[in-house]
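As structure tokens, the structure follows; a few thoughts come after it.
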Amino acid sequence: MERVNRYLLYGGRENYLHLCRYLLCLQEERQEEDCPLPQELPFEGMYFPEDGAGGKVCACWEEYAKELTARGEADVLSLPRAGLISHRSSWISDDLSVEAALSEEFRKRGIYLVCAFHSGAPDPAMKNHSLQELMDCFFRSAGLPVIGALVNLSVWGAVSQEGSDLFEETARLYREWNLPVFYPLVSLFSTEEMLAASREPLAAELPWLYLQPEMQGMTEPVLIACRDGKGRTQVLPGRAGHFAGRAARWMRMRGKRNGDKKVALILTMPSVPAWKLRSGRLTAWTPREHGRYSEASEGGRLSDR
């Protein structure tokens, strides 16, 4: 039974195939030596989306940087960088279409995306690290961050210490990192056709997608992907580029002096007709107008700038 559990614990296509062969051997009372032992796959690490699940996995930033040099890509180390972290299930099942698309779109904008995965729960016995330990290992070097932003594709957060509040602990960590944390949305079960046909797309998923925003980071919650007919992620046309463009502008803004930044205040009310929001018409108030409301022309679109 222990061997069966190890196949399931490490997961992956090869382990599942070998598990089936092993169970068949037991049923037919054949020699177990005919079946390969469970392959011990990593529970966390840094990877290259273009390699897929069978590619190189690095344990820390220094190892990752050396691998880039060995691949002849040392030039990307001079580019601005963002980090991306997703759940191990995406890597182990080779379901990395979202990560690959975001990596490509960030690269078009002169930003290199450093990708990593984790198991979701710290476990010293399994050498699974906490959120803080992973951030220090993957995205810091000599105590300094090597990224200017973090894209979070997983549901995870800090681990509260005895007597401390979980949300306060996460907020403390986010303040310590001093990084914008982006959380693009990936539909859990809707296909592109379902999203297009529904008058209220994602209505059933919003409670889950927006679960515990204090722990996930909720900057730019843009829908970027759904599911295909087999349940694997499918990037929606144009959405990865739309999200990457907005994230890139956030990163550029961080480099500006506060005196050069502009702040827009948009005030609205629950009574605003839904058709105005859908058509892109905006009711806004500015101090210069001394309390007057102005409305965008009919058919105008809201800008992503």
Side-chain angles (χ1 to χ4, degrees), residues 6-16 18 37-74 76-77 79 81-104 106-107 111-159 173 177 179 181-184 186 216-217 232-233:
R6 290 178 62 208
Y7 284 120
L8 296 173
L9 174 65
Y10 292 110
R13 183 175 182 273
E14 294 299 318
N15 275 329
Y16 292 144
H18 295 161
L37 293 172
Q39 182 182 3
E40 296 186 1
L41 300 173
F43 288 97
E44 57 194 32
M46 307 174 72
Y47 67 99
F48 302 86
E50 61 273 18
D51 290 355
K56 171 75 173 181
V57 175
C58 302
C60 63
W61 167 253
E62 287 74 18
E63 184 181 341
Y64 187 88
K66 288 181 181 179
E67 179 64 19
L68 280 173
T69 302
R71 293 170 179 239
E73 299 183 64
V76 303
L77 294 173
L79 295 176
R81 293 183 291 271
L84 179 148
I85 193 154
S86 55
H87 197 273
R88 180 180 185 262
S89 59
S90 297
W91 176 80
I92 200 71
S93 61
D94 201 15
D95 189 6
L96 300 172
S97 60
V98 170
E99 290 84 344
L102 289 178
S103 180
E104 179 181 353
F106 271 90
R107 190 70 173 271
I111 300 171
Y112 184 75
L113 193 62
V114 182
C115 295
F117 65 87
H118 71 109
S119 65
D123 185 345
M126 297 299 299
K127 298 182 179 179
N128 295 342
H129 296 90
S130 67
L131 170 65
Q132 179 64 69
E133 292 169 334
L134 288 178
M135 289 295 295
D136 290 342
C137 185
F138 294 160
F139 303 126
R140 282 179 179 267
S141 180
L144 299 175
V146 297
I147 58 174
L150 177 66
V151 179
N152 180 18
L153 289 179
S154 65
V155 180
W156 76 328
V159 177
L173 290 179
W177 298 339
L179 296 172
V181 180
F182 304 115
Y183 186 63
V186 177
Q216 295 166 287
R232 296 173 67 83
T233 54

* Any chance you could lay out the side chain to side chain contact (heavy atoms under 4.5 Å, CB included) test for Val114 and Phe139, step after step, and finish with the verdict? => CA-CA 8 Å; Val114 182; Phe139 303 126; 4.0 Å; yes
* **Heavy-atom check, side chain of Val151 versus side chain of Phe106, under 4.5 Å** => yes
* To do: Could you list the residues that satisfy side-chain hydrogen bond (donor to acceptor under 3.5 Å, both in side chains) with Ser90, not counting sequence neighbours?
  => none
* Could you list the residues that satisfy salt bridge (Lys or Arg N to Asp or Glu O under 4.0 Å) with Arg140, not counting sequence neighbours? => Asp136
* Structure fact -> With sequence neighbours left out, the residues meeting ring pair (Phe, Tyr, Trp, His ring centres under 6.0 Å) with Tyr112 are none
* Does the side chain to side chain contact (heavy atoms under 4.5 Å, CB included) test come out yes or no for Val146 and Arg81, once each step is laid out? -> CA-CA 7 Å; Val146 297; Arg81 293 183 291 271; 3.8 Å; yes
* **Residues forming a side-chain contact (heavy atoms from CB on, under 4.5 Å) with Ser119, sequence neighbours excluded** => Phe43, Asn128
* To do: Quick one: list whatever passes side-chain hydrogen bond (donor to acceptor under 3.5 Å, both in side chains) with Ser97, sequence neighbours left out.
  => Thr233
* Can you find a heavy atom in the side chain of Arg107 that is under 4.5 Å from one in the side chain of Leu113? -> no
* Asked: Looking at residues at least two apart in the chain, or sitting in another chain, which of them share a side-chain contact (heavy atoms from CB on, under 4.5 Å) with Ser89?
  -> His87
* **Results of side-chain contact (heavy atoms from CB on, under 4.5 Å) for His129 - residues two or more places apart only** => Glu44, Glu133, Leu134
* Structure fact -> salt bridge (Lys or Arg N to Asp or Glu O under 4.0 Å) filter on Arg6, not counting sequence neighbours, yields Glu40
* To do: Would you please name every residue forming a side-chain contact (heavy atoms from CB on, under 4.5 Å) with Ala101, sequence neighbours left out?
  => Val235, Ala240
* To do: Please list all pairs passing the side-chain hydrogen bond (donor to acceptor under 3.5 Å, both in side chains) test where one or both residues lie in residues 47-62, with sequence neighbours left out.
  => Asp51-Arg71, Glu62-Ser141
* Whether Glu67 side chain and Glu63 backbone form a donor-acceptor pair below 3.5 Å -> no
